[in-house]
Amino acid sequence: MKYLWVFLTACLVGIIYYNSSLPLKQSSEISGWFAALTQLLAQHLDIHLAGDVEHHIRKMAHFCEFALLGLLLCHSFSALGVSNRTATGYILFLALFAAVLDEYIQSFSPGRACRVTDVLLDFSGVFCAWLEYRIWEWSARR
């Protein structure tokens, strides 16, 4: 069971890197579909969405997939019995490495670019998930 978390983490990293390798046109079609669905839902709920909805969805997707990566890394290190202090260093280092590599892969995808702000956004997703996991873990012990 403890290696299931590691396997799920590896699968998610593969999905993240696959999505980064998609050309801009193909990636935009996917996020455009979600943007249209979001706008349809917003209209149904009588909510007005301002700005570039597709852009916001793309950024939110980055944050969420890396937040999920953060949770999976926390579960993986916990299942492997690594101490919190040691796991924290590994989790944050691996997350930063994954975010940098994600942007590096994007730099080779047609129409896509490598941005430091996206690395920060990705890492903030992992950091928020790691922090939430540690707070939940701390409160469960009390």
Side-chain angles (χ1 to χ4, degrees), residues 1-24 26-109 111-142:
M1 180 66 178
K2 65 182 176 181
Y3 293 109
L4 175 64
W5 293 111
V6 176
F7 175 74
L8 291 174
T9 303
C11 287
L12 179 60
V13 169
I15 291 168
I16 289 170
Y17 292 159
Y18 172 76
N19 287 337
S20 293
S21 70
L22 295 175
L24 180 63
Q26 196 173 359
S27 179
S28 290
E29 287 173 3
I30 295 168
S31 55
W33 183 84
F34 279 104
L37 183 65
T38 302
Q39 289 174 325
L40 184 64
L41 181 63
Q43 286 174 352
H44 179 71
L45 298 173
D46 199 29
I47 299 171
H48 174 70
L49 299 176
D52 185 357
V53 175
E54 182 182 340
H55 174 76
H56 294 300
I57 285 185
R58 292 173 74 81
K59 297 306 172 186
M60 194 62 167
H62 267 269
F63 181 87
C64 289
E65 68 187 2
F66 274 84
L68 180 57
L69 176 62
L71 286 175
L72 288 174
L73 283 169
C74 288
H75 281 290
S76 295
F77 282 100
S78 179
L80 293 172
V82 179
S83 72
N84 283 348
R85 176 178 236 155
T86 303
T88 295
Y90 282 123
I91 290 165
L92 297 180
F93 172 76
L94 289 172
L96 184 58
F97 181 74
V100 169
L101 188 56
D102 177 52
E103 291 304 311
Y104 182 71
I105 290 170
Q106 279 188 31
S107 71
F108 293 102
S109 302
R112 309 234 359 223
C114 177
R115 293 188 172 89
V116 173
T117 55
D118 284 348
V119 171
L120 295 173
L121 179 68
D122 296 345
F123 184 75
S124 68
V126 173
F127 184 81
C128 287
W130 167 81
L131 185 60
E132 179 272 332
Y133 185 86
R134 292 297 177 225
I135 290 170
W136 175 81
E137 192 177 54
W138 173 75
S139 67
R141 280 191 232 156
R142 295 189 99 213

In this structure, which one of W136, W130, W5 forms a ring-ring contact (aromatic ring centres under 6.0 Å, His included) with H75?
-> W5
Drop me the distance from [X]'s [atom1] to [Y]'s [atom2], to the nearest 0.5 angstrom.
X    : Y   : atom1 : atom2 : result
W33  : I57 : CH2   : CD1   : 10.0 Å
L4   : T9  : CG    : OG1   : 9.0 Å
Y90  : S83 : OH    : OG    : 9.5 Å
Y104 : Y17 : OH    : OH    : 12.5 Å
L71  : L12 : CG    : CG    : 10.5 Å
L40  : L45 : CG    : CG    : 9.5 Å

Mind jotting down which residue pairs meet the side chain to side chain donor-acceptor pair (under 3.5 Å) criterion with at least one end in residues 35-51? Sequence neighbours excluded, please.
-> none
Pairwise ring-ring contact (aromatic ring centres under 6.0 Å, His included) hits with a residue in residues 52-74, at least two apart = none
CA sep, side-chain torsions, deciding dist, call: D118, Q106, side chain to side chain donor-acceptor pair (under 3.5 Å) = CA-CA 11 Å; D118 284 348; Q106 279 188 31; 5.3 Å; no
Check [X] against [Y] and note the closest heavy-atom contact, atom names and distance.
X    : Y    : value
A87  : R134 : CB-NH2, 3.9 Å
A129 : A67  : CB-O, 3.1 Å
S76  : V6   : OG-N, 3.4 Å
A98  : L69  : CB-CD2, 4.1 Å
D122 : A99  : CB-CB, 3.7 Å

Residues L92, F123; criterion side chain to side chain contact (heavy atoms under 4.5 Å, CB included); working and verdict | CA-CA 8 Å; L92 297 180; F123 184 75; 4.1 Å; yes
Starting from the C-alpha separation in whole Å, work towards a yes-or-no answer on side chain to side chain contact (heavy atoms under 4.5 Å, CB included) for S28 and R58.
-> CA-CA 9 Å; S28 290; R58 292 173 74 81; 4.0 Å; yes
Got a donor-acceptor contact below 3.5 angstrom from the [X] side chain to the [Y] backbone?
X    : Y    : result
S124 : L121 : yes
S78  : C74  : no
S31  : E54  : no

Trace of the side chain to side chain contact (heavy atoms under 4.5 Å, CB included) decision for I30 with L22 | CA-CA 10 Å; I30 295 168; L22 295 175; 3.9 Å; yes
Quick one: are F77 and N84 in side-chain contact, heavy atoms under 4.5 Å?
-> no
Given Y133 and I91, is the side chain to side chain contact (heavy atoms under 4.5 Å, CB included) satisfied, shown in steps?
-> CA-CA 12 Å; Y133 185 86; I91 290 165; over 6 Å; no
